[in-house]
Amino acid sequence: MASQNMDPAAAAASSTAALKGSDSASSATRGSVTKRLQQELMTLMMSADKGISAFPESDNLFKWVGTIDGAQGTVYEGLRYRLSLDFPAGYPYQAPRVKFVTPCFHPNVDNQGFICLDILKEKWSALYDVRSILLSIQSLLGEPNNDSPLNMAAADMWENQDAFRAHLHATFQK
């Protein structure tokens, strides 16, 4: 049974390239990733989702800058965060590397901005796209997984939402 995260075209192309000793397979794979990312950009631009956006950084379609607004009714409401999204050559069969550029005080975000979110790790699926990633991170802001914190201070403080909000807003850097 084939895995949804195994790119059959890339596997076949890499076998062919190994036999031929050429780079044509990698350029074909890169072309399909480019096409997928262009489609995702159009979908994201046409969506009516509030509080999320992402665009390629300059002319590099494999590096994006995203923004997420804290959802209404959460301690993050009114705050906007920048993220970086780096797409590997194996995307969508390999997860992009996503991290906060804006410092984010959150139980599942470490001091370097790395995010502990299962869909970016072991639960990644080729069915996910930039839109679903951003919506998942936006949701995570208001509903952290305190069972696997990267930031213990934030996890400990999370239970007291008033103290958490006060600390968050006092230390937020635009």
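Quick note: residue numbers are just sequence positions, from 1.
Ile133 approaches Pro96 most closely through the heavy-atom pair CD1-CG, 3.6 Å. Across all their heavy atoms, Leu140 and Asn108 have their closest contact at CD1-OD1, 3.6 Å. Here the closest heavy-atom approach between residue Val98 and residue Ile115 is recorded as O-CD1, 3.9 Å. Across all non-hydrogen atoms, the minimal contact from Val65 to Leu85 is C-CD1, 4.4 Å. Of all heavy-atom pairs spanning Leu141 and Cys104, the tightest one is CD2-SG, 3.9 Å. Closest heavy-atom contact between Ser136 and Leu117: CB-CD2, 4.1 Å.
A donor-acceptor pair under 3.5 Å is absent between the side-chain atoms of Asn146 and the main chain of Pro107, judged by distance alone. The backbone N or O of Val75 lies less than 3.5 Å from a partner atom in the side chain of His169, making a donor-acceptor pair. Checked by atom type and distance alone, the side chain of Glu143 never pairs as donor or acceptor with a backbone atom of Ser139 at under 3.5 Å.
Asp156 is linked by a salt bridge (charged side-chain N to carboxylate O under 4.0 Å, His left out) to nothing, counting only residues two or more places apart in sequence or in another chain. For Thr43, there are no side chain to side chain contact (heavy atoms under 4.5 Å, CB included) partners two or more places apart in sequence or in a different chain. The side chain to side chain contact (heavy atoms under 4.5 Å, CB included) check on Gln112 picks up Asp110, Phe114, with sequence neighbours excluded. Residues that satisfy the side chain to side chain donor-acceptor pair (under 3.5 Å) test with Ser132, not counting sequence neighbours, are Asp129. Considering only residues two or more places apart in sequence or on other chains, Glu40 meets the side chain to side chain donor-acceptor pair (under 3.5 Å) condition with Arg36, Tyr91. Remark: Arg97 engages no residue in a salt bridge (charged side-chain N to carboxylate O under 4.0 Å, His left out) (not counting sequence neighbours). Residues satisfying the side chain to side chain contact (heavy atoms under 4.5 Å, CB included) test with Ala163, not counting sequence neighbours, are Met157, Asn160. Taking Ser47 as the reference, Asp49 meet the side chain to side chain donor-acceptor pair (under 3.5 Å) condition, with sequence neighbours excluded. For the side chain to side chain contact (heavy atoms under 4.5 Å, CB included) test, no residue two or more places apart in sequence or in another chain qualifies with Asp59.
Residue pairs satisfying the ring pair (Phe, Tyr, Trp, His ring centres under 6.0 Å) criterion with at least one member in residues 135-168, sequence neighbours excluded, are listed as follows: Phe105-Phe164, Phe105-His167, Trp158-Phe164. Applying the ring pair (Phe, Tyr, Trp, His ring centres under 6.0 Å) test to every pair with at least one member in residues 50-72, sequence neighbours left out, gives these pairs: Trp64-Phe87. The side chain to side chain donor-acceptor pair (under 3.5 Å) analysis of residues 78-90, with sequence neighbours excluded, yields the pairs Lys63-Asp86, Asp69-Arg80.
One hydrophobic cluster, built from ILVMFWY side chains closer than 4.5 Å, cannot hold both Met46 and Tyr128; they sit in different ones. Transitive grouping of hydrophobic side chains (ILVMFWY, heavy atoms separated by less than 4.5 Å) brings Met45 and Val130 into a common cluster.
In this structure, CG in Leu79 is found 9.5 Å from CZ in Arg165, a value given to the nearest 0.5 Å. Taking CD of Gln161 as the start and CG of Leu168 as the end, the distance is 10.0 Å to the nearest 0.5 Å. How far NZ of Lys35 is from CG of Leu37: 13.0 Å, rounded to the nearest 0.5 Å. Taken to the nearest 0.5 Å, the CD1 atom of Ile68 stands 8.0 Å off from the CG atom of Leu135.
A 6.0 Å sphere centred on CD of Gln72 holds no more than 12 heavy atoms belonging to other residues, nucleotides or ligands.
By the 4.5 Å heavy-atom criterion applied to side chains, Thr67 and Ile52 are not counted as neighbours. Using a 4.5 Å heavy-atom cutoff, the side chains of Leu44 and Ser53 are not in contact. You'll find the side chain of Asn151 stays beyond 4.5 Å of the side chain of Val109, heavy atoms only. In this structure, the side chains of Gln138 and Leu134 stay at 4.5 Å or more apart for every pair of heavy atoms.
Annotation: Phe100 is not in aromatic contact with His106 [ring centroid separation under 6.0 Å not met].
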List the steps and the verdict of side chain to side chain contact (heavy atoms under 4.5 Å, CB included) for Asn145 and Cys116.
CA-CA 9 Å; Asn145 179 359; Cys116 180; over 6 Å; no
